[in-house]
Every structure is written in structure tokens, then in C-alpha cells.
Amino acid sequence: MTILQPFDKYEYEHDLLEWYDREKRDLPWRRERDPYRIWVSEIMLQQTKVDTVIPYYERFMSQFPTVDALADADEEQVLKAWEGLGYYSRARNLHAAVKEVQSAYGGVVPNSEEEIHKLRGVGPYTAGAILSIAYNIPAPAVDGNVMRVLSRIFAIYDDIAKPATRKRFETIIREIISTSRASDYNQALMELGAMICTPTKPACLLCPVQAHCQAREQGVQELLPVKAKKKKPKSVTLQAYVLITEDGRFIVEKRPETGLLANLWQFPTALDGETMEKFLENYGVDIIKSENTQRVRHVFSHIIWEMDVYRVQISGQPKLMDRQELVTLEEISEKAFPVSHQKIIKETLKGEG
DNA sequence: AATACGTGGTT
DNA sequence: TAACCAAGTAT
């Protein structure tokens, strides 16, 4: 038995859904039940706040309204639509998965656990979210909200940063989820976590299920959930070169296909330690003028980039390396750049073109 | 299991 | 400020 005795799942379901029916936010992806749209919203919402997602979601849906529209798009277009949202592998995986749905499933998002979980970028949470929200299938969709709510309801002290903990919560959800309103049930749990059962200072007095909450009863709601601390990101110093030709164009390059910021565009960079002369040697050009224009500090989840930016006017025809292009300012605006390099465009290229 | 993978907002 | 957080997934 996973759940403690005094818990009445039917009363809990009733109280939770009654509150959800009354208080749920009017969000763009709640106005429809197109599985494709639900899918896109769930990918965007991974580790990303609702307020951040909304404008991206609206633009993305206008640009790629259907499975076919997205499947037929170029990856460059998709990444451009994702620019600034972060975790860019989400966009590339979604694109690949939608192509798969188009070719293998006739454009219909699958509704079985095995098939949907095979899709790139669809893990246990997203699989459950699509199955329940789009198809009303009673599958668990355990995200950070749900783990927080359940750890409080049942006073569970397992570390929610551990993968094994999510599985325990999935087991609990399978036991208590509404069989008739799985879609609303999962969304209500997440909505509760977002609006009432918040990480700090949960609004227990407003909580529709406070009568069912063991943490509340024991006064330990602020101690839950237990979550291991993250490690500090490590600093990396590098140089970024804005190389400007005599006709006012810029050298940009596409990052590697894997790893950090995969397939996004950037200005050429050198690891700290290499001199500018050595770095520019490869391009076979002369330096007309060089100035250190800015210092960019950009914090990722696991790294901090400290970039010294140099604006370098060059003469001669630069020799371009693999994945590099010579482009105008307008062409730059059509490519997807990470925020770190957008800072360079904003400062070092202002007044250019 | 632990780590890589972005960004912006809060405290 | 530094730390933490947000509808996670792939490896």
C-alpha cells in the first residue's frame, strides 16, 4: 500500500476539480484539444515559466499551425522561432518527432504509452501529459509541481531531485487519478502547484485540499519537498570576434550539431589563451582596426561564459572555414543566435548597417 | 545515477 | 548578490 489510510481519494478529487473548474487560468493551450498543440505547449513548458512561453507559443502556432506545417519546415526556421527560449534541443527533437508522426503515423499524434514515448523529446512527463490532456487517458504526468504537491499531501521526504522519486509519485498518481477526468485532474494538480502550493510560502489558507494535507496538519509544509542543492556553474573565459569586412559584412558560424547551443549561430570565438593575431592568422586578412568593445557575462545552468568581445575591421577576402558565412546585418537577423551573442549584436553592432 | 542542457524572474 | 526556481529529457 503506497498511500496512507486516512486519505479519501474521491473527496480529494472532488475538492481539487471543483477548485480547478472555478479558478483555472485561461491559457492559450487550454482553449483547444488538438494533440499537436498540446504537445508543442508541453515541450515549451519544460523548465520554463508560463508567462515566458505564451508569446512563443502564439508565434509558433501561427507559423506552424499543424503537424504538416512543422514537419515541412526547415530546422533553421524552427530554431529561429525558438530563439531566446533556451534548451534548444527541445526544438530540434520536436521537429524530428513531428516528422516521425507525419511519416509513420499519418500525421496523427499516437495515443499509446509505448508509441508516444518513442518520440524524440517526449519523456515520462510529456508522454503522460499528452495522453491525459489531449486524450483524457488516466496516465500520470509528474512534473515538479506534482511532486511538490504530493510530497506535502502525503508528507513524503524523498529527494525530488532523484529520478527514482518521480517513479514513486507516478505509482501514487496511478492509484488516485480520476478515471473520468484525467485531463483536468493532472492539470489541476499542476495548477495547484503553480498557484497555491508554491515552493515558498504556500497559500494553505486558500488551498482547496488543505483538509487532505499531512504537511499542513503537521505544520511542515515549508520543509517540503526535500530537494538536493545544485552545483555551482563553472566559469569559462573566452574571446568573441566581430570581424567586419570592408563592405560591412560579418563573419558568423554555425555551432556544432551536438552539445551546448547546438546548431545555433554565433560570432567566432577563441578559448582564453590564444592571441588575436594567432586566431586571425587562419582568415588570411589584415587588421585595419581592433577594439575591445564589451565584456559579456552569461550564466547557463552549468557554465558561466565570460566573453571579451573585440570589434575588428579587416581588409582582404577572408578565408571561411566549415560552417562559417559572410553575412549582412539583415541576414544576421534571420538566423537564430543564443542570448549571449544577442548581447553582442545589441552592443557591439549598434549603429552598424 | 549523475550530468548536460538555457533563460529570465524572484528572493 | 548568489541562490533558487520553472509544466524535463537524453545519455
Side-chain angles (χ1 to χ4, degrees), chain A residues 24-25 27-30 38-57 79 82-94 96-97 116-134 140-149 159-167 169-170 183 185-195 197-202 222 225 227-236 255-264 266 297-305 336-343:
Chain A
K24 68 180 172 190
R25 288 170 292 176
L27 302 174
W29 45 89
R30 283 189 179 152
I38 302 297
W39 180 11
V40 171
S41 74
E42 289 303 335
I43 299 297
M44 285 189 170
L45 285 163
Q46 290 170 6
Q47 299 291 285
T48 311
K49 288 198 161 39
V50 165
D51 289 346
T52 303
V53 166
I54 290 174
Y56 280 91
Y57 178 80
L79 284 174
W82 211 271
E83 183 184 54
L85 197 52
Y87 285 149
Y88 299 97
S89 66
R90 290 184 295 175
R92 293 184 298 108
N93 288 338
L94 173 63
I116 203 164
H117 196 282
K118 281 186 209 157
L119 298 171
R120 297 284 300 173
V122 178
Y125 162 75
T126 306
I130 296 171
L131 289 173
S132 62
I133 297 173
V142 176
D143 71 339
N145 284 312
V146 174
M147 288 197 283
R148 183 170 58 256
V149 170
D159 180 0
I160 65 169
K162 292 192 183 304
T165 303
R166 194 206 72 241
K167 292 185 181 176
F169 286 123
E170 283 176 351
S183 172
Y185 192 93
N186 279 342
Q187 291 186 78
L189 229 32
M190 292 188 274
E191 190 81 350
L192 188 70
M195 307 305 291
C197 197
T198 48
T200 59
K201 300 182 181 172
E222 301 262 23
K227 190 178 183 182
K229 288 180 182 174
K230 285 176 185 166
K231 288 186 290 192
K232 285 186 195 169
K234 292 191 175 166
S235 242
V236 177
R255 290 180 57 84
E257 308 178 9
T258 58
L260 182 65
L261 307 171
N263 283 355
L264 267 68
Q266 67 173 16
R297 178 187 167 84
H298 190 81
V299 181
F300 297 93
S301 44
H302 58 306
I303 303 173
I304 300 174
W305 273 0
F337 280 71
V339 169
S340 50
H341 283 250
Q342 287 176 32
K343 292 174 184 173

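By convention in this document, chain letters (A, B, ...) are assigned in the order of the sequence lines, proteins followed by strands, and residues within each chain are numbered from 1.
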Determine whether A:T126 and A:Q46 satisfy the following criterion, side-chain hydrogen bond (donor to acceptor under 3.5 Å, both in side chains), listing intermediate values before the conclusion. CA-CA 9 Å; A:T126 306; A:Q46 290 170 6; 2.9 Å; yes
Considering every strand and a 4.0 Å limit on heavy-atom distances, what is the contact class for [X]: base, sugar-phosphate, or nothing?
X: A:G193; value: nothing
X: A:R25; value: base
X: A:V299; value: base
X: A:A141; value: nothing
X: A:W29; value: base
X: A:S301; value: base
X: A:V50; value: base
X: A:L27; value: base

Considering just the side-chain nitrogens and oxygens of [X], establish if one lies under 4.0 Å of OP1 or OP2 belonging to [N].
X: A:T126; N: C:dT9; answer: yes
X: A:H302; N: B:dT3; answer: no
X: A:R30; N: C:dA7; answer: no
X: A:K49; N: C:dA7; answer: no
X: A:R148; N: C:dA6; answer: yes
X: A:K162; N: B:dA1; answer: no

For the pair made of [atom1] in [X] and [atom2] in [N], what is the distance, rounded to whole Å?
X: A:I304; N: B:dC5; atom1: CD1; atom2: C1'; result: 15 Å
X: A:M44; N: C:dA7; atom1: CE; atom2: P; result: 17 Å
X: A:E170; N: C:dG8; atom1: CD; atom2: C1'; result: 12 Å
X: A:I160; N: C:dC4; atom1: CD1; atom2: P; result: 13 Å
X: A:R255; N: B:dG6; atom1: CZ; atom2: P; result: 9 Å
X: A:I54; N: C:dA7; atom1: CD1; atom2: P; result: 14 Å
X: A:W305; N: B:dC5; atom1: CH2; atom2: P; result: 10 Å
X: A:Y125; N: C:dA10; atom1: OH; atom2: P; result: 14 Å

[N] to [M] separation - [atom1] atoms, rounded to the nearest Å:
N: B:dT10; M: C:dA7; atom1: P; result: 15 Å
N: C:dC4; M: B:dG6; atom1: C1'; result: 15 Å
N: B:dC5; M: C:dA6; atom1: C1'; result: 15 Å
N: B:dT7; M: C:dT11; atom1: C1'; result: 23 Å
N: C:dG8; M: B:dA1; atom1: C1'; result: 16 Å

Given [options], which nucleotide is nearest the side-chain atoms of [X]?
X: A:Y88; options: B:dT7, C:dG8, C:dC4; value: B:dT7
X: A:L261; options: C:dC5, B:dT7, B:dA2; value: B:dT7
X: A:K231; options: C:dT9, B:dT3, C:dA3; value: B:dT3
X: A:R120; options: C:dA10, B:dT7, B:dA4; value: C:dA10
X: A:K227; options: C:dC5, C:dG8, B:dG8; value: C:dC5
X: A:Q46; options: B:dA1, C:dT9, C:dA7; value: C:dT9
X: A:D143; options: C:dA6, C:dA7, B:dG6; value: C:dA7
X: A:L260; options: C:dA6, B:dG8, B:dC5; value: B:dC5

All heavy atoms of A:L85 vs all of A:M44, minimum pair found to be CD2-CG, 4.0 Å
Heavy-atom closest contact (A:R148 atom, A:G193 atom, distance):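 Smallest heavy-atom distance, with atoms named: NH2-O, 2.7 Å.
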For the side chain of A:T48 and the base of B:dG6, is some donor closer than 3.5 Å to an acceptor across the two?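 Looking at the base of B:dG6, it does pair with a donor or acceptor on the side chain of A:T48 (distance under 3.5 Å).
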Could a donor-acceptor pair under 3.5 angstrom be found where the side chain of A:Y87 meets the base of B:dG6?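 Check passes, donor-acceptor contact within cut-off.
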Given the rule in the ring pair (Phe, Tyr, Trp, His ring centres under 6.0 Å) test, do A:Y56 and A:W82 qualify, once you have shown the distances and angles that lead to the verdict? CA-CA 7 Å; A:Y56 280 91; A:W82 211 271; 7.7 Å; no
If we ignore angles and hydrogens, is there a donor and acceptor under 3.5 Å between the side chains of A:Y125 and A:E42? yes
With no hydrogens and no angle check, is any side-chain donor or acceptor of A:E170 less than 3.5 Å from a backbone partner on A:P140?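 Flag not set: sc A:E170 to bb A:P140 has no pair under 3.5 Å.
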Between the main-chain N or O of A:A228 and the side-chain N or O of A:D159, is there a donor-acceptor pair closer than 3.5 Å?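 A pair under 3.5 Å: yes.
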Using heavy-atom distances to pick each residue's nearest nucleotide on DNA chain B, tell me which of A:T200 and A:T52 is more 5'. A:T52
Does NZ belonging to A:K24 count more than 12 external heavy atoms closer than 6.0 Å? yes
